[in-house]
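The figures here come from the full heavy-atom set of this structure, side chains too, leaving out hydrogens, waters and symmetry mates.
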Amino acid sequence: MFRKSLVVRALAIAFGAAAASLAVSPLAYAQSNATGTVYGTVPAGAGDTIAFESLATNAKRSTTPDGNGKFQVTSLPPGRYKVQLMKGATVVSTTEVEVLLGQGVEATFALAAAGTQVLQSVQVVGSRTVIDVTSTNGGSTFTAKELSVLPVAQNITAIMQLAPDVVKADPRYAGGASVGGGAPSENSYYINGFPVTNPLTQLGSMELPYGAIQQAQILTGGFGAEFGRSTGGVVNITTKSGSNEFHGGVSYSIAPNSLRSRDKNIYYESGANPATDGTIYKFNHDNSSTETTLGAYIGGPIIKDKLFFFFAGDQATTKTSGNSSDPNDLLGNIESATKGSNGWTDSKDVNQRYLAKIDWNITDNHRLEYTGIGDNWKTDASYYGFDYTTLQRFGGPVYTAHYENQGGLTPRVGGTANMLKYTGNLTNDLTLTALYGEMSSKHAQTYNPDLGGSIPGAIFLSGDTSKAPGVNYGTSQPLSGQNLNSAGGKDKTKSYRL
């Protein structure tokens, strides 16, 4: 009887505590996945209005504290804001906050006690760590200022690895990062609230010019219903916008082959086979790679306080040359080296990216934005034979190939996207966001074989069963067994969000 009574009392206390905690929990708000929240508390009677003003565009919002002095404003575009506590037309106190993507930030005001003098300014030296208690999201958010000084590669995968519980995945995957032990195909990617995940393979996403990223949020767990299609992690990015002041810049970077260390050859293990002991298994010593990137951006007002533009673009070019052979096929067998990719490869990758953004503050409570994104890869490759007796490539190209947003030598993701988003602050308690967008990604492969006895431009993949009777096709078919995408192959997606 004692044990039963104790259990009943314990359950009663537990349920009672749960009910009490629910009763005092703050209200939950449905959130856009491309905005942030400002909240806080002011003493009762200290003010009757909280006014918000964007420092970049002068866009304004306002709200009224409740009976306990609490206030919260949702769906604010990321950026810095001036927050004022107003009593009638009088400014009681002012503070500044930075709204972070998908997070809440607290606005606190310096208020003087009765009979004391209000300070004109306060200087704070040092820093503090602010814990966001309004969100259950687990992960990290990085601003453009932080990304500009962090020593990381300028791509989304590198940014992802700055967050905890994220590691780089197999480089043969596009968008190769594992979040929380999940596969790279289990991640979702968003830009300004629009899903840009590769629709064909779910591996990786479209990317932006690095300088166009305003904030990048990497969620490793705990994310809510505003995200979806993910059992791994979420990459949530917002882009820069124009402001009331014109700003722009250019950049150029180069990683020349002359400053790289030389690739090392791979040798057969000694003592395993007298025929191969100590000989070269894979020749890499003459491999080379040079990368250059040229970028520019500009932004500013079309109509001050109302209409703004921002444009960014860059082009990255990578030239590589090196041994792509399988030594097991080529060692001592020059003839097999004429079978295409089992030899030496020269390639040129060109990646052109752009962002175009228009923001229209129709009124203080209604905002419309257009975003256009382009991320297009083009690869041209030439394939040669390679002789392991002389460690030299030989002859002209066995065949050449052209790829667009396609695997080629390295997995690629690309395409174009256009999206239109509306945000309406209908009342203090009701905000409406609506988004529509389309994304298209072209996948093309074009080959030009030049093999003795073969028909130029004709490639047969299935052996003798695919050959026309009476036609001599030759013996060398470099693409036998491969899958080819047609020249017009593409993926297209349409997305709606309300």
Side-chain angles (χ1 to χ4, degrees), residues 28-37 59 74-78 101-103 135 137 156 175 185-208 212-219 223-241 307-308 310 354-363 365-376 405 413-427 429-443 489-498:
Y29 289 84
Q31 285 292 305
S32 162
N33 57 6
T35 59
T37 300
T74 64
S75 298
L76 285 172
L101 178 60
Q103 297 186 34
S135 173
N137 294 339
I156 289 179
S185 59
E186 296 174 335
N187 301 326
S188 289
Y189 301 79
Y190 294 85
I191 295 177
N192 289 345
F194 179 79
V196 292
T197 312
N198 182 354
L200 180 63
T201 65
Q202 195 70 18
L203 289 166
S205 73
M206 292 178 57
E207 297 203 25
L208 296 164
I213 298 176
Q214 181 187 28
Q215 292 188 12
Q217 182 184 38
I218 313 301
L219 299 177
F223 42 86
E226 64 269 28
F227 302 101
R229 303 174 180 87
S230 170
T231 54
V234 171
V235 179
N236 189 25
I237 292 175
T238 57
T239 63
K240 294 179 180 178
S241 299
L307 193 60
F308 309 89
F310 182 85
Y354 68 83
L355 166 78
K357 194 162 188 285
I358 301 292
D359 293 270
W360 181 20
N361 295 334
I362 304 171
T363 69
N365 292 316
H366 299 274
R367 186 174 69 256
L368 192 66
E369 58 184 82
Y370 161 79
T371 306
I373 303 171
D375 177 21
N376 295 288
N405 296 334
V413 181
T416 58
N418 292 277
M419 65 197 82
L420 194 65
K421 181 182 178 182
Y422 163 79
T423 303
N425 308 307
L426 305 184
T427 70
D429 300 315
L430 181 61
T431 298
L432 173 68
T433 60
L435 180 147
Y436 171 77
E438 294 185 359
M439 180 174 68
S440 178
S441 182
K442 182 179 180 181
H443 304 285
K490 67 178 181 180
D491 305 309
K492 188 173 183 179
T493 61
K494 297 181 180 180
S495 297
Y496 308 81
R497 179 181 293 277
L498 183 65

Derivation and outcome, side chain to side chain contact (heavy atoms under 4.5 Å, CB included), residues Lys357 and Lys240 = CA-CA 8 Å; Lys357 194 162 188 285; Lys240 294 179 180 178; over 6 Å; no
CG of Asn365 to CG of Leu432, rounded to nearest 0.5 Å, is 12.5 Å
Distance, nearest 0.5 Å, that separates CZ of Arg497 from OH of Tyr436 | 15.0 Å
Is a side-chain donor-acceptor pair under 3.5 Å present for Thr238 with Asn192?
-> no
Has the side chain of Asp375 got a donor or acceptor atom that lies under 3.5 Å from a matching backbone atom of Gly415?
-> no
Minimal non-hydrogen separation, Ser75 against Arg367, with atom names = O-NH2, 4.1 Å
Are Tyr422 and Glu369 side-chain neighbours, meaning at least one heavy-atom pair lies under 4.5 Å?
-> no
Spacing of CG belonging to Asn425 relative to CG belonging to Leu430, to within rounding of 0.5 Å | 9.5 Å
Any side-chain heavy atom of Thr423 sitting closer than 4.5 Å to one from Thr433?
-> yes
Would you say the side chain of Ser188 lies within less than 4.5 Å of the side chain of Gln202, judging by non-hydrogen atoms?
-> yes
Applying side chain to side chain contact (heavy atoms under 4.5 Å, CB included), run through Met439 and Asn198 and close with a yes or a no.
-> CA-CA 10 Å; Met439 180 174 68; Asn198 182 354; over 6 Å; no
Could you tell me whether the side chain of Ile191 reaches within less than 4.5 Å of the side chain of Thr239, counting heavy atoms only?
-> yes
Listed by chain and number, what are the side chain to side chain donor-acceptor pair (under 3.5 Å) partners of Ser205, not counting sequence neighbours?
-> none
State which residues pass ring-ring contact (aromatic ring centres under 6.0 Å, His included) with Tyr190; sequence neighbours excluded, sorted by chain then number.
-> Phe227
Between Leu307 and Asp359, is any pair of side-chain heavy atoms under 4.5 Å apart?
-> no
How close do Asn187 and Gly233 get, heavy atom to heavy atom, and via which atoms?
-> OD1-N, 3.0 Å
Tyr496 side chain near Leu435 side chain, heavy-atom distance below 4.5 Å | no
So, Gln103 side chain and Gly36 main chain: donor-acceptor pair closer than 3.5 Å or not?
-> no
For the residue pair Ala417 and Phe194, what are the closest heavy atoms and their distance?
-> CB-CE2, 4.1 Å
Does Asp491 have any side chain to side chain donor-acceptor pair (under 3.5 Å) partners at least two apart in sequence or in another chain, and if so, which?
-> His443
Take Val413 and Leu203 through the test side chain to side chain contact (heavy atoms under 4.5 Å, CB included) and record every step on the way to the result.
-> CA-CA 8 Å; Val413 181; Leu203 289 166; 5.8 Å; no
Using side chain to side chain donor-acceptor pair (under 3.5 Å) as the criterion, list what pairs up with Gln215, not counting sequence neighbours.
-> none
Interatomic distance, CG@Leu101 vs CD1@Ile237, rounded to 0.5 Å, equals 9.0 Å
Under 3.5 Å, side chain of Ser495 to main-chain N/O of Gly437, donor-acceptor pair present?
-> no
With a 4.5 Å heavy-atom cut-off, do Met419 and Ile373 have their side chains touching?
-> yes
Give a yes or no answer on whether the side chain of Asn361 reaches the backbone of Thr363 with a donor-acceptor pair at less than 3.5 Å.
-> no
Do the side chain of Asn405 and the main chain of Asn376 share a donor and acceptor less than 3.5 angstrom apart?
-> no
Any sub-3.5 Å donor-acceptor pair from Thr197's side-chain atoms to Tyr189's backbone N or O?
-> yes
Residues in ring-ring contact (aromatic ring centres under 6.0 Å, His included) with Tyr370, at least two apart?
-> none
Flag the pair Ser441 / Lys490 as yes when at least one side-chain heavy-atom distance between them is below 4.5 Å, and no otherwise.
-> no
For Asn236, enumerate each residue passing the side chain to side chain donor-acceptor pair (under 3.5 Å) test, keeping only those at least two apart in sequence or located in another chain.
-> Gln217
Is the closest side-chain donor-acceptor distance between Ser440 and Lys492 under 3.5 Å?
-> no
